[in-house]
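Reading through the structure tokens given below for one structure.
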Amino acid sequence: MFVIGDMMIFGLIFVVFTFYRGQDPELFLAGQQSLNNVYGVINTLLLLTSSWFVVTGVHAAKNSDGRYAANCLSLAMLCGVGFAVLKFVEYEEKLDAGLVLTTNDFYMFYYVLTGLHFAHVIIGLLVLNWGRVLCARGLKGENPISALESCATYWHMVDLLWIFLFPLVYLLK
Amino acid sequence: MNKSGVQQMSAWSGMVFLAVFFLGWGLVAGFLPPPSPLASAEDIARFYQADNSMILLGLLMIQISTVFFIPWIALISEQIKGIPNISPICTYTQFLSGISAMLALLLPFYFWTVAAFRVERSPELVLLLNDIAWLIFTMTFAPFVAQNVAIAIAAFCDKRQQPVFPRWIAYFNLWVAFLFLPAGLILFFKEGPFAWNGLIAFWVPVVIFGIWFFAMFYVLDNAIKRQRRAENSL
């Protein structure tokens with residue numbers, strides 16, 4: 001329920017973004033040209049790979065292989081950290097070029113959408129870590145698989161949001 | 001009066017707060033929709049001059065409404081406290097947040113009142129007072145977010161058969177907390193969806209604030225009735 005609610009917030013901002021873009025297509029196109037699609041593609045691959053690791057980890061946990069599951073989650077987290085580092089680099093480039101939140105409407109949405117997503121990535125890393133520890137400690141407790149699946153779901157949501165965000169902001173002309 | 005009677009009244013008190021606040025702030029004082037951050041000093045001064053007595057009346061209603069906010073907050077704290085093995089930190093966090101939230105309602109009230117108190121004041125000064133009031137009112141997401149998260153955590157910690165806060169309200173509180181966050185962007189913008197009159201930074205939090213009251217009232221009312229039945233059967 002929480003995941004759906006969270007996605008609704010993003011959905012709302014996506015819709016508003018699309019509305020604003022309709023009002024000023026040239027501005028948004030120009031802004032889009034300044035974005036680094038290579039970083040975007042690498043980030044997409046990182047998140048997809050990390051989701052794959054999460055799926056593998058959950059599968060291992062269901063087979064009671066806590067150690068293997070924990071390792072999968074560690075790798076997933078590594079991908080997530082990679083995403084974060086690249087995001088920092090991307091932001092630094094933009095900021096060095098003097099492009100900030102208040103530069104114009106396009107950059108407002110760029111920073112708000114990617115920033116909000118980035119915050120979710122950070123939270124997702126914490127959630128994944130919690131899952132990782134759960135696996136490493138032998139999946140104890142009331143319903144460890146269910147808890148682990150909740151962690152996985154959150155991370156998949158983070159991935160899914162990026163899958164929408166990247167084409168919408170970086171690619172769609 | 002017995003304990004559950006007081007709790008029942010506190011729950012209703014919350015709804016009274018909501019009604020009086022929105023009537024006073026929104027309808028009587030005419031603060032809904034908010035004035036644009038881009039409005040000129042003259043426009044703002046004129047706003048306070050035009051319907052001055054209604055604005056003052058609406059403001060009085062805002063202050064009256066905050067009286068009813070207090071027992072509502074206390075009720076939530078009491079119910080959190082009643083959760084077996086709950087950390088007092090949860091209770092304190094919610095309680096503290098509730099108090100801070102009230103400040104977020106009272107402080108703007110003071111500045112709106114000063115703005116409306118002397119209509120001959122220089123427009124530049126009225127603009128300043130208006131800015132202060134609206135920025136405090138719309139930007140202050142912190143106590144609300146903290147309160148919602150505290151309630152969610154308390155709900156997750158409730159391992160009873162019939163928890164006072166069921167799972168769905170925990171997730172709902174987290175969702176509400178999230179929806180308040182965009183208000184933080186208000187300080188960057190004077191127009192657009194993230195300004196103090198914007199869709200995402202203002203309207204969404206305001207509407208969700210109202211919905212939160214209804215949802216929490218439903219949950220609290222059920223819990224109080226259950227607790228009263230349990231008391232009576234003893």
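Below, chain A is the first sequence line, B the second, and so on; all start at residue 1.
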- Take atom CZ in B/Phe95; do more than 12 heavy atoms of anything else shown fall under 6.0 Å from it? no
- Query: Is the CD atom of A/Glu92 crowded by more than 12 outside heavy atoms at less than 6.0 Å?
  - Reply: no
- From A/Glu142 atom CD to B/Lys159 atom NZ, the distance as rounded to the nearest 0.5 Å: 6.5 Å
- Task: Examine whether an atom of B/Leu199 lies under 4.5 Å from a heavy atom of chain A, and if so say whether it belongs to the side chain, the backbone or both; otherwise answer neither.
- Result: side chain
- Under 4.5 Å, heavy atom to heavy atom, which residues of residues 30-59 of chain A contact chain B? none
- Query: For atom CD1 of B/Ile89, is the number of surrounding heavy atoms from other residues, nucleotides or ligands below 6.0 Å larger than 12?
  - Reply: no
- Message: With a 4.5 angstrom heavy-atom cut-off, is it the side chain or the backbone of A/Val112 that approaches chain B, or both, or neither?
- Response: side chain
- Message: Tell me whether A/Tyr68 at atom OH has more than 12 heavy atoms from other residues, nucleotides or ligands lying less than 6.0 Å away.
- Response: no
- Note on the structure: Ranked by heavy-atom pairs below 4.5 Å to chain B, first place among A/Val16, A/Val100, A/Asp105 goes to A/Val16
- Note on the structure: Heavy-atom closest pair (A/Tyr20 atom, B/Gly192 atom, distance to 0.1 Å) is OH-CA, 3.3 Å
- Message: For the NE2 atom of A/His120 and the CZ atom of B/Phe178, what is their distance to the nearest 0.5 Å?
- Response: 3.5 Å
- Take atom CZ of A/Phe164 as the centre, draw a 6.0 Å sphere, and report whether it contains more than 12 heavy atoms from other residues, nucleotides or ligands. no
- Query: Do other residues, nucleotides or ligands put more than 12 heavy atoms under 6.0 Å from the NZ atom of B/Lys81?
  - Reply: no
- Query: More than 12 non-hydrogen atoms from neighbouring residues, nucleotides or ligands closer than 6.0 Å to CD on B/Glu191, yes or no?
  - Reply: no
- Query: At a heavy-atom separation under 4.5 Å, does B/Phe189 approach chain A through its side chain, its backbone, both, or neither?
  - Reply: side chain
- Query: Rounded to the nearest 0.5 Å, what separation is found between the CH2 atom of B/Trp175 and the CD1 atom of A/Ile9?
  - Reply: 7.0 Å
- When rounded to the nearest 0.5 angstrom, what distance separates OH in A/Tyr111 from CZ in B/Phe194? 14.5 Å
- Item | B/Leu185 CG to A/Leu116 CG distance, which is reported to the nearest 0.5 Å | 8.5 Å
- Message: Looking at A/Arg67, I'd like to know if its CZ atom is crowded, meaning that more than 12 non-hydrogen atoms belonging to other residues, nucleotides or ligands lie closer than 6.0 Å.
- Response: no
